[in-house]
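Here the structure is a predicted model, which is why all the values come from computation and not from measurement. Computed over heavy atoms, backbone and side chain alike; hydrogens, waters and symmetry mates excluded.
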Amino acid sequence: VVTATDALDRLHSTAESHRRVFVLEVMGRHAGWIAVHAGIAGGGDVILIPEIPWTFEGIVRKIEEREKRGRHFTLIVAAEGAKLPSGKRVTRDATAKNAEIKLGGIGEYIVEELQRRTVKECRFVVLGHLQRGGPPTSFDRLLATRFGTHAVQLIADGKFGQMVCLRPPDTVNVPITQAIHKLRTVPPDGDVVRTARALGIGFGDD
């Protein structure tokens with residue numbers, strides 16, 4: 001999230017000075033947490049995530065709305081797993097067998113479509129594995145230490161089959177089965193999405 005936010009900060013000046021539309025494709029597979037958090041923190045104008053259906057018309061309306069307000073650039077954050085309006089996902093290798101589908105390419109797809117639908121110059125950037133590197137934040141360092149301490153205590157107490165997790169302000173443990181029984185996705189009507197909408201960020205659905 002920190003890397004994606006930094007990328008948006010850096011793209012902002014280029015997008016504004018050249019009056020372009022930039023699409024930043026970020027990781028996340030079938031959940032939009034990275035996209036929505038980075039999009040809010042980095043000043044994105046449109047965020048596309050798997051949890052909220054979107055249309056190209058919705059994106060174009062947002063671009064045109066910004067143009068009318070004198071904002072001649074738009075930053076779009078697209079989660080790699082965001083479904084196209086058709087319901088399909090963009091993949092790199094749809095023929096792969098006995099393996100997870102390799103997601104990726106939605107940024108390029110969106111740019112090609114927006115070039116046809118608008119008069120704006122559009123570009124895309126794929127962060128890819130750059131998102132996985134970099135130094136941990138102070139929050140990361142402290143959390144890892146707290147998790148490690150809690151995990152060792154569980155072993156000492158003979159409590160196995162548990163996963164350490166954060167329930168602010170404390171670290172707690174829950175059964176592993178409870179932790180992995182379903183994919184944790186972004187609630188479309190949750191606080192994070194409501195915050196983004198209150199800031200005027202679009203999700204391509206309006």
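- Counting heavy-atom neighbours within 6.0 Å of Arg10 CZ, excluding the residue itself, gives a total of 12 or less.
- Proximity of Arg20 to Phe73: side-chain heavy atoms (C-beta onward) are nowhere separated by under 4.5 Å.
- With a 4.5 Å cut-off on side-chain heavy atoms, Ile40 and Ile201 count as touching.
- Residue Ile34 holds its CD1 atom at 11.5 Å from CZ of Arg29, rounded to the nearest 0.5 Å.
- Within 6.0 Å of CZ in Phe56 there are more than 12 heavy atoms belonging to other residues, nucleotides or ligands.
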*Please lay out, stage by stage, how Ile63 and Leu114 fare under the test side chain to side chain contact (heavy atoms under 4.5 Å, CB included).*
CA-CA 10 Å; Ile63 294 171; Leu114 291 180; 4.3 Å; yes
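- Salt bridge status for Asp205 with Arg197: present, with a side-chain N to carboxylate O gap under 4.0 Å.
- When all heavy atoms are compared, the tightest approach of Ile176 to Met163 is CG1-N, 3.9 Å.
- Of the options Lys62, Arg66, Arg71, Arg61, a salt bridge (Lys or Arg N to Asp or Glu O under 4.0 Å) to Asp45 is made by Arg66 and by none of the others.
- Both Leu48 and Val111 sit in one connected hydrophobic cluster of ILVMFWY residues. Membership requires side-chain heavy atoms under 4.5 Å apart, directly or through other members.
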*Any chance you could lay out the side-chain hydrogen bond (donor to acceptor under 3.5 Å, both in side chains) test for Thr3 and Asp6, step after step, and finish with the verdict?*
CA-CA 5 Å; Thr3 302; Asp6 180 64; over 6 Å; no
*Using the salt bridge (charged side-chain N to carboxylate O under 4.0 Å, His left out) rule, take Glu112 and Arg116 through it: C-alpha gap first, then chi angles, then the decisive distance, then the call.*
CA-CA 7 Å; Glu112 290 176 355; Arg116 287 193 289 268; 5.2 Å; no
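- Thr91 contributes atom OG1, which lies 6.5 Å from atom CD1 of Ile101 (distance to the nearest 0.5 angstrom).
- For the side chain to side chain donor-acceptor pair (under 3.5 Å) with Asn173, the lone residue among Lys159, Gln153, His150 that qualifies is His150.
- Taking a 6.0 Å sphere around CZ of Phe139, one finds it holds 12 or fewer heavy atoms contributed by other residues, nucleotides or ligands.
- Remark: the backbone N or O of Ile106 is paired with a side-chain donor or acceptor of Glu25 at under 3.5 angstrom.
- In the hydrophobic clustering of ILVMFWY residues, with side-chain heavy atoms under 4.5 Å counting as a link, Trp33 and Val193 come out together.
- Using a 4.5 Å heavy-atom threshold, the side chains of His30 and Arg89 count as touching.
- Within a 6.0 Å radius of CZ in Arg184, other residues, nucleotides and ligands contribute more than 12 heavy atoms.
- Counting only distance, with no hydrogens or angles, the side chain of Gln131 and the backbone of Met27 share a donor-acceptor pair below 3.5 Å.
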*Report the C-alpha distance between Ile49 and Phe203 in whole Å, list the side-chain angles of each, state the deciding distance to 0.1 Å, and finish with yes or no for side chain to side chain contact (heavy atoms under 4.5 Å, CB included).*
CA-CA 8 Å; Ile49 58 177; Phe203 285 85; 4.3 Å; yes
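- Ile59 and Val23 end up in the same hydrophobic cluster when Ile, Leu, Val, Met, Phe, Trp and Tyr side chains are linked at under 4.5 Å.
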*Check the pair Leu24 / Ile76 against side chain to side chain contact (heavy atoms under 4.5 Å, CB included), numbers first and verdict last.*
CA-CA 6 Å; Leu24 178 68; Ile76 301 170; over 6 Å; no
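- No donor-acceptor distance shorter than 3.5 angstrom exists from the side chain of Arg167 to the backbone of Val172, with no hydrogens or angles considered.
- Around CZ of Arg141, the count of heavy atoms belonging to other residues, nucleotides or ligands within 6.0 Å exceeds 12.
- The neighbour count for Arg69 CZ, taken as heavy atoms of other residues, nucleotides or ligands under 6.0 Å away, is above 12.
- Going from atom CD of Glu16 over to atom OG1 of Thr14 covers 10.5 Å, rounded to the nearest 0.5 Å.
- Judged by distance alone, the side chain of Glu51 and the main-chain N or O of Gly32 form a donor-acceptor pair under 3.5 Å.
- Counting heavy atoms from C-beta on, the side chains of Val192 and His37 come closer than 4.5 Å.
- Distance check, rounded to the nearest 0.5 Å: CG of Asp170 to SG of Cys165 gives 10.5 Å.
- Between Ala4 and Leu127 the shortest heavy-atom distance is CA-CD1, 3.6 Å.
- Here CG of Asp9 is found 7.0 Å from OG1 of Thr5. Values are rounded to the nearest 0.5 Å.
- Between Pro50 and Lys83 there is no side-chain heavy-atom pair separated by less than 4.5 Å.
- Residues Glu80 and Val26 form no side-chain contact, since every pair of their non-hydrogen atoms from C-beta on lies 4.5 Å or further apart.
- Looking at heavy atoms from C-beta onward, Trp54 lies out of side-chain contact with Asp206 at the 4.5 angstrom threshold.
- Closest heavy-atom contact between Leu75 and Ala15: CD2-CB, 3.9 Å.
- The side chain to side chain donor-acceptor pair (under 3.5 Å) with Lys120 is formed by just one residue from the set His72, Gln115, Glu64, Glu67; it is Glu67.
- For the atom pair CZ (Phe147) and CG (Leu142), the distance works out to 10.5 Å, reported to the nearest 0.5 Å.
- Of all heavy-atom pairs between Leu103 and Gly81, the closest is CD1-CA, 3.9 Å.
- Following chains of ILVMFWY side-chain contacts shorter than 4.5 Å, one can reach Leu166 starting from Val164, so the two form part of one hydrophobic cluster.
- Connection of Val46 to Phe22 is not established within any shared hydrophobic cluster, with ILVMFWY side chains joined at heavy-atom distances below 4.5 Å, either directly or through further cluster members.
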